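Computed from a predicted structure; not experimentally measured.
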Amino acid sequence: MKNYFFVVLILMSNLIHCQSLDSLSTTKKISYTPFYVSAGLVTTGALLLNTTINQDIQNKADSRFGPNFHTQLDNVTVFVPMAQIYAGKLLGFEPKNNSKHQTISIITANVLTYVLVTGLKNTVKANRPDDSDQLSFPSGHSAIAFTNAALLFQEYKDSSIWYASSGFLFATATGMLRIANNKHYASDVLAGAGIGLATGFLVSYYNPLQNLHFGKKNKGTALIYPQFGNQIGIGAIIRPNF
């Protein structure tokens, strides 16, 4: 299992390195700090998995919130950063990209996050704190929330650093609520946050799909919507006009 984490980290590092060599990425200055933070979060989460420290944190959360604590708020906060990406311009902040490019980035980043998280969940097969299934590691809610928080930050950091950073508050709240709901351990949340940050920042720096151009006669309609169930997910309906 540990070897799998190292493979994931190596692949992420190669992706980051390759983007700097591609001519499409030369227009953006790449900061590697978020990826160092992401790698640290994923590594910490992996090291905490199946440890007494991890269980102690969960026990303290249970005693703090109560064994019967349950809320659906985490199914709301997880998508707040995504909504903020579109709402920023309405609130008077200037985004870096138009709504079409924002939508492309959101779909690309969230699909990438979902694939990575689902692959890890089915590889690690860690029990949830409530023993409801073996899809605990990493936290999908945390990964999606931090993915969109990273996209939000990149969109508005030059316009309002406070608004750009606010998504991380909702992402952090999502992770804490998942622990409080007894659905995830701290290790799951940390790893999910790391994956989300990495994919969000990676797509914001380099996304070849941003070069897609649609003519006036080829306009279409795209709708992004959340999917709930045993796992968090993103759905998209794209209706082209031919």
Side-chain angles (χ1 to χ4, degrees), residues 41 45 48-49 54-55 57-88 90-91 102-103 106-107 109-122 124-153 163 165-197 199-200 222-237:
L41 289 171
L48 279 176
L49 192 61
N54 209 30
Q55 188 61 56
I57 294 173
Q58 194 67 34
N59 292 338
K60 289 180 180 178
D62 289 342
S63 62
R64 171 100 182 188
F65 293 95
N68 297 320
F69 178 84
H70 182 70
T71 178
Q72 291 291 333
L73 189 58
D74 51 349
N75 289 327
V76 176
T77 57
V78 62
F79 291 109
V80 171
M82 181 190 294
Q84 287 182 281
I85 294 174
Y86 293 112
L90 298 176
L91 296 174
Q102 288 173 348
T103 301
I106 289 172
I107 293 176
N110 281 274
V111 167
L112 179 57
T113 295
Y114 179 79
V115 170
L116 289 173
V117 168
T118 301
L120 278 170
K121 281 179 178 290
N122 288 283
V124 179
K125 295 182 178 180
N127 287 325
R128 292 185 186 272
D130 62 358
D131 292 322
S132 59
D133 58 41
Q134 292 183 314
L135 300 173
S136 186
F137 186 92
S139 167
H141 280 70
S142 300
I144 292 296
F146 275 92
T147 295
N148 293 295
L151 293 176
L152 173 68
F153 182 80
Y163 184 75
S165 302
S166 62
F168 293 116
L169 295 177
F170 290 101
T172 301
T174 299
M176 294 178 66
L177 286 172
R178 295 303 285 169
I179 295 175
N181 272 333
N182 209 33
K183 285 296 183 181
H184 284 291
Y185 292 101
S187 58
D188 310 334
V189 171
L190 290 172
I195 293 171
L197 284 176
T199 55
L223 171 65
I224 303 174
Y225 59 92
Q227 292 180 324
F228 300 106
N230 291 332
Q231 299 185 58
I232 199 72
I234 299 289
I237 298 176

Visitor: Let me see the working for Asn54 and Gln58 under side-chain contact (heavy atoms from CB on, under 4.5 Å), right down to the final yes or no.
Guide: CA-CA 6 Å; Asn54 209 30; Gln58 194 67 34; over 6 Å; no
Visitor: Taking the side chain as C-beta and beyond, is there a heavy-atom pair between Phe153 and Leu197 under 4.5 Å?
Guide: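 Side-chain contact under 4.5 Å: no.
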Visitor: Measuring from Gln102:CD to Ile107:CD1, what's the distance to the nearest 0.5 Å?
Guide: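 Answer rounded to 0.5 Å: 12.0 Å.
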Visitor: Search all heavy atoms of Thr71 against all heavy atoms of Leu73 and return the closest pair with its distance.
Guide: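 That closest heavy-atom pairing would be OG1-N, 3.1 Å.
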Visitor: Using side chain to side chain contact (heavy atoms under 4.5 Å, CB included) as the criterion, list what pairs up with Leu90, not counting sequence neighbours.
Guide: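 If we apply the side chain to side chain contact (heavy atoms under 4.5 Å, CB included) test to Leu90, skipping adjacent residues, there are no hits.
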Visitor: State the CG-NE2 distance between Leu177 and His70, to the nearest 0.5 angstrom.
Guide: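 Nearest 0.5 Å value for the CG-NE2 distance: 11.0 Å.
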Visitor: Under 4.5 Å between any side-chain heavy atoms of Tyr86 and Thr103, yes or no?
Guide: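 Of all side-chain heavy-atom pairs linking Thr103 with Tyr86, at least one is under 4.5 Å.
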Visitor: What are the two closest non-hydrogen atoms of Asn148 and Ile144, and how far apart are they?
Guide: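 Scanning both residues, the minimum pair turns out to be ND2-O, 2.9 Å.
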Visitor: Could I get the full list of ring pair (Phe, Tyr, Trp, His ring centres under 6.0 Å) partners for Phe65, not counting sequence neighbours?
Guide: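 Checked Phe65 against ring pair (Phe, Tyr, Trp, His ring centres under 6.0 Å); matches are Phe69.
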Visitor: For Ala173, which residues count as a side chain to side chain contact (heavy atoms under 4.5 Å, CB included) partner, sequence neighbours excluded?
Guide: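 Not a single residue meets the side chain to side chain contact (heavy atoms under 4.5 Å, CB included) criterion with Ala173.
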Visitor: Closest heavy-atom contact between Gly200 and Leu151?
Guide: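 For Gly200 and Leu151, the tightest heavy-atom pair comes out as O-CD2, 3.3 Å.
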Visitor: Check side chain to side chain contact (heavy atoms under 4.5 Å, CB included) between Leu190 and all other residues, then give those that pass, not counting sequence neighbours.
Guide: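 Testing Leu190 for side chain to side chain contact (heavy atoms under 4.5 Å, CB included), a comparison that skips the adjacent residues, returns Leu41, Thr44, Leu48.
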Visitor: Using the side-chain hydrogen bond (donor to acceptor under 3.5 Å, both in side chains) criterion, which residues pair with Asp130? Sequence neighbours excluded.
Guide: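 side-chain hydrogen bond (donor to acceptor under 3.5 Å, both in side chains) check on Asp130 returns Ser132, Lys183.
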Visitor: Check whether any side-chain heavy atom of His184 lies under 4.5 Å from a side-chain heavy atom of Phe137, and answer yes or no.
Guide: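 No, side chains not in contact.
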Visitor: So, using side-chain hydrogen bond (donor to acceptor under 3.5 Å, both in side chains) as the criterion, who are the partners of Thr172 when residues are at least two apart?
Guide: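 side-chain hydrogen bond (donor to acceptor under 3.5 Å, both in side chains) list for Thr172, sorted by chain: empty.
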Visitor: On a heavy-atom basis, which atom in His141 and which in Asn75 lie closest, and how many Å separate them?
Guide: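 Minimum heavy-atom separation between His141 and Asn75: NE2-OD1, 2.8 Å.
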Visitor: CD of Gln55 to CG of Asn59: how many Å apart, nearest 0.5 Å?
Guide: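 Answer rounded to 0.5 Å: 4.5 Å.
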Visitor: Specify the closest pair of heavy atoms between Arg128 and Asp133, including all atoms of both residues, with the distance to one decimal.
Guide: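 Answer, listing the atom of Arg128 first, then Asp133: NE-OD1, 2.7 Å.
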Visitor: With sequence neighbours left out, what residues match Ile57 under side chain to side chain contact (heavy atoms under 4.5 Å, CB included)?
Guide: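 Residues passing side chain to side chain contact (heavy atoms under 4.5 Å, CB included) with Ile57: Ile53, Ala186.
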Visitor: Quick one: side-chain hydrogen bond (donor to acceptor under 3.5 Å, both in side chains) partners of Thr113, sequence neighbours excluded?
Guide: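 Checked Thr113 against side-chain hydrogen bond (donor to acceptor under 3.5 Å, both in side chains); matches are Thr147, Thr199.
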Visitor: Where do Gly175 and Ser142 come nearest, in terms of heavy atoms and distance?
Guide: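 Residues Gly175 and Ser142, closest heavy atoms: CA-OG, 3.5 Å.
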Visitor: Is any side-chain heavy atom of Gln84 less than 4.5 Å from a side-chain heavy atom of Ser166?
Guide: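 They are in contact (side-chain heavy atoms under 4.5 Å apart), so the answer is yes.
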Visitor: For atom OH of Tyr163, decide whether the heavy atoms of other residues, nucleotides or ligands shown that lie under 6.0 angstrom number more than 12.
Guide: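 Result for OH/Tyr163: enclosed.
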Visitor: Quick one: pull up CG in Asn68 and CG in Asp62 and give me the separation to the nearest 0.5 Å.
Guide: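 One gets 10.0 Å once the value is rounded to the nearest 0.5 Å.
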Visitor: Could you tell me the separation between the OG atom of Ser139 and the CG atom of Leu120, rounded to the nearest 0.5 Å?
Guide: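 Result: 12.0 Å between the selected atoms.
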Visitor: For Ser136, is there any backbone N or O sitting under 3.5 Å from a side-chain donor or acceptor partner on Asn127?
Guide: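 Absent.
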Visitor: Please walk me through it: do Asp188 and Leu49 pass side-chain contact (heavy atoms from CB on, under 4.5 Å)?
Guide: CA-CA 8 Å; Asp188 310 334; Leu49 192 61; 4.2 Å; yes
Visitor: Can you pull out every salt bridge (Lys or Arg N to Asp or Glu O under 4.0 Å) where at least one residue sits in residues 135-151? Sequence neighbours excluded, please.
Guide: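 Qualifying pairs: none.
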